[in-house]
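Single-structure report; data block below.
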Amino acid sequence: MTTSNTGTGAVEPAAREELARLRDSIDNIDAAVVHMLAERFKCTQQVGHLKARHRLPPADPAREAQQIARLRALAESAKLDPAFAEKFLNFIVAEVIHHHERIAESNGTAGAPAAD
Ligand SMILES: C=C(O[C@@H]1C=C(C(=O)O)C=C[C@H]1O)C(=O)O
């Protein structure tokens with residue numbers, strides 16, 4: 001845990017109020033990010049089951065390359081560091097691929113004949 005001097009009472013009231021206002025917005029944005037990620041993972045879980053049923057590999061590097069190019073361009077126009085956007089996407093995709101691998105294993109589809 002990091003230390004903080006904002007709870008000591010030594011900060012000017014106006015600064016404390018501005019900090020509280022900004023932190024309210026940060027909390028709202030963090031909540032939105034969590035909800036959006038939860039929706040994304042609901043979709044990717046369905047993709048994982050679809051892939052397992054049709055014996056498709058968990059990862060799709062060509063699709064990922066397209067997503068990275070698209071997100072980097074979006075990040076640039078939004079004045080967000082494209083390298084950060086790429087790292088963030090890769091972090092999420094790595095987790096998705098783990099999920100897909102687990103789904104494929106638990107479906108017993110590794111080595112099994114393809115479902116129609
Ligand atoms: C969700 C998929 O599976 C994997 C995860 C991806 C993602 O989280 O966006 C993209 C490509 C795949 O490596 C997919 O193929 O669409």
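As the structure lists them, so they are numbered: ligands from 1, and atoms in each ligand from 1. Along the sequence shown, residues carry numbers from 1.
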For atom 12 (C) of ligand 1, the protein heavy atom that lies nearest, with its residue and separation: Asp60 N, 3.4 Å
Options Glu64, Arg40, Arg63, ranked by nearest heavy atom to atom 13 (O) of ligand 1, top entry: Glu64
Structural part of Ile92 in contact with ligand 1, heavy atom criterion under 4.0 angstrom: neither
Contact atoms of ligand 1, heavy-atom distance to Val96 under 4.0 Å: 5 (C), 8 (O)
Shortest non-hydrogen separation from Lys51 to Pro57 and the atoms involved: CD-O, 3.5 Å
For atom 14 (C) of ligand 1, the option (of Gln46, Lys51, Gln67) bearing the nearest heavy atom: Lys51
side-chain hydrogen bond (donor to acceptor under 3.5 Å, both in side chains) against Glu39, all qualifying residues, sequence neighbours excluded: Lys42
Close approach of Gly48 to ligand 1, heavy atoms, under 4.0 angstrom: no
Carboxylate-amine/guanidinium contact Glu18 Arg21, below 4.0 Å: yes
Location of contacts on Pro61 toward ligand 1, heavy atoms closer than 4.0 Å: neither
CA sep, side-chain torsions, deciding dist, call: Glu95, His99, side-chain hydrogen bond (donor to acceptor under 3.5 Å, both in side chains): CA-CA 6 Å; Glu95 181 68 13; His99 291 182; 3.0 Å; yes
Nearest non-hydrogen partners of Ala52 and Asn107, listed with the distance: CB-ND2, 3.4 Å
Atoms in ligand 1 with a heavy atom of His100 nearer than 4.0 Å: 1 (C), 2 (C), 3 (O)
Shortest non-hydrogen separation from Ile103 to Gly48 and the atoms involved: CG2-O, 3.8 Å
